[in-house]
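Each remark here refers to the structure printed beneath this line.
Order of listing sets the numbers, starting from 1, for every ligand and every atom in it. Just so it is clear, the structure is predicted and the values come from calculations on it, not from any experiment.
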Amino acid sequence: MPVTLGVVNVYLIPSDDGLLLIDTGTSDDGAFHVLTQKLSALGHTVADIRRVLVTHYHPDHCGLAMRLQQAGAHIWMSRKDADVLVEYFANPQADVDRAQFFGRHPMPQKLSQRIGTMARLLRDLHAEFVPDALFDDGDMLGWGGISLEVVDTPGHTPGHVAFVSREHRVLFVGDHLLADQVAMLSAQDISPDTDALTQMFASLALMDRFVGFSGAAGHGPLIEDVAMRAQQTAGFHRARLQKVCDALLDEPQTALALSVRAFGEKRSAYSQWLSMTSAVSLLEYLHINQSAQRLTASDGSYLYRR
Ligand SMILES: [Zn+2]
């Protein structure tokens with residue numbers, strides 16, 4: 001990954017009906033090379049991958065889907081994130097202005113230009129594909145002795161899912177939970193009646209069902225206990241929420257100004273973008289729960305006050 005996350009984990013599961021891969025890595029040649037090398041060390045080629053399950057639509061998780069599909073694999077993903085992808089590939093211009101989201105949240109032109117550049121970079125790590133099959137919450141997927149249950153875990157993306165193996169007491173959690181960090185909240189699904197943090201809190205609470213299950217995450221080491229890690233993650237979000245709440249003033253402020261008040265000035269445009277995206281998610285949560293007022297300026301942009 002060219003930006004902060006470094007290494008992406010993908011999971012290969014042998015079955016009596018060919019190989020199953022959970023997530024893919026980015027669409028670039030480097031990632032494809034690593035994947036083919038690792039497969040060959042196990043005595044396989046990409047053509048042995050019969051199915052690919054995708055946890056969410058981000059490029060590091062399904063960027064290689066198209067190439068694997070061309071090599072013969074069937075790609076499965078959630079209906080909701082498949083819809084997000086259709087929209088994403090239909091609107092390359094959205095990288096430049098991020099109109100649905102940032103059009104509402106004023107920022108200096110220099111910052112928005114750098115975010116646009118970064119968004120285009122991320123787009124280069126993706127490759128358009130049409131999934132062969134879609135799944136929904138609660139679906140049981142099974143092939144050649146493997147059985148995985150789909151659990152919707154929205155928050156990081158609108159259609160993020162985890163795959164549960166009850167037999168092996170493990171969840172493939174994508175970016176829903178990470179052992180040593182907390183993935184960003186979705187910037188995709190902010191609307192008057194839903195917000196990413198409400199979804200995330202609900203998805204984290206679901207993990208109480210899986211006490212003692214380990215978590216195979218999209219980045220970083222194995223999670224020992226998903227229920228415990230979910231509680232820690234909820235605590236992290238509550239602490240950030242408090243910071244944003246404390247940053248609110250009587251005077252209306254932009255999300256950018258409030259993100260700086262709450263989390264400090266960031267060195268890189270990418271970090272500033274993450275910080276502001278996070279602040280917007282938290283502000284929308286506060287707004288929906290009537291702990292912040294959201295005002296619409298004459299140019300349509302949003303300002304927040306206590
Ligand atoms: Zn992700």
Applying ring-ring contact (aromatic ring centres under 6.0 Å, His included), run through His126 and Tyr88 and close with a yes or a no. CA-CA 10 Å; His126 227 322; Tyr88 178 77; 5.8 Å; yes
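Annotation for Met184: atom CE counts as buried by contact number, over 12 foreign heavy atoms lying within 6.0 Å.
Metal site remark for the Zn ion (ligand 1): His160 contributes no N, O or S atom at a distance under 2.8 Å. Look at His56 and the Zn ion (ligand 1): an N/O/S atom of the residue is under 2.8 Å from the metal. One of the N, O or S atoms belonging to Asp175 lies under 2.8 Å away from the Zn ion (ligand 1).
Between Glu284 and Arg294 there is a salt bridge, with a side-chain nitrogen of the basic residue lying less than 4.0 Å from a carboxylate oxygen of the acidic one.
A tilted orientation is assigned to the rings of His58 and His61, their planes being inclined by 30° to 60°.
Restricting His58 to its N, O or S atoms, the one at the least distance from the Zn ion (ligand 1) is ND1.
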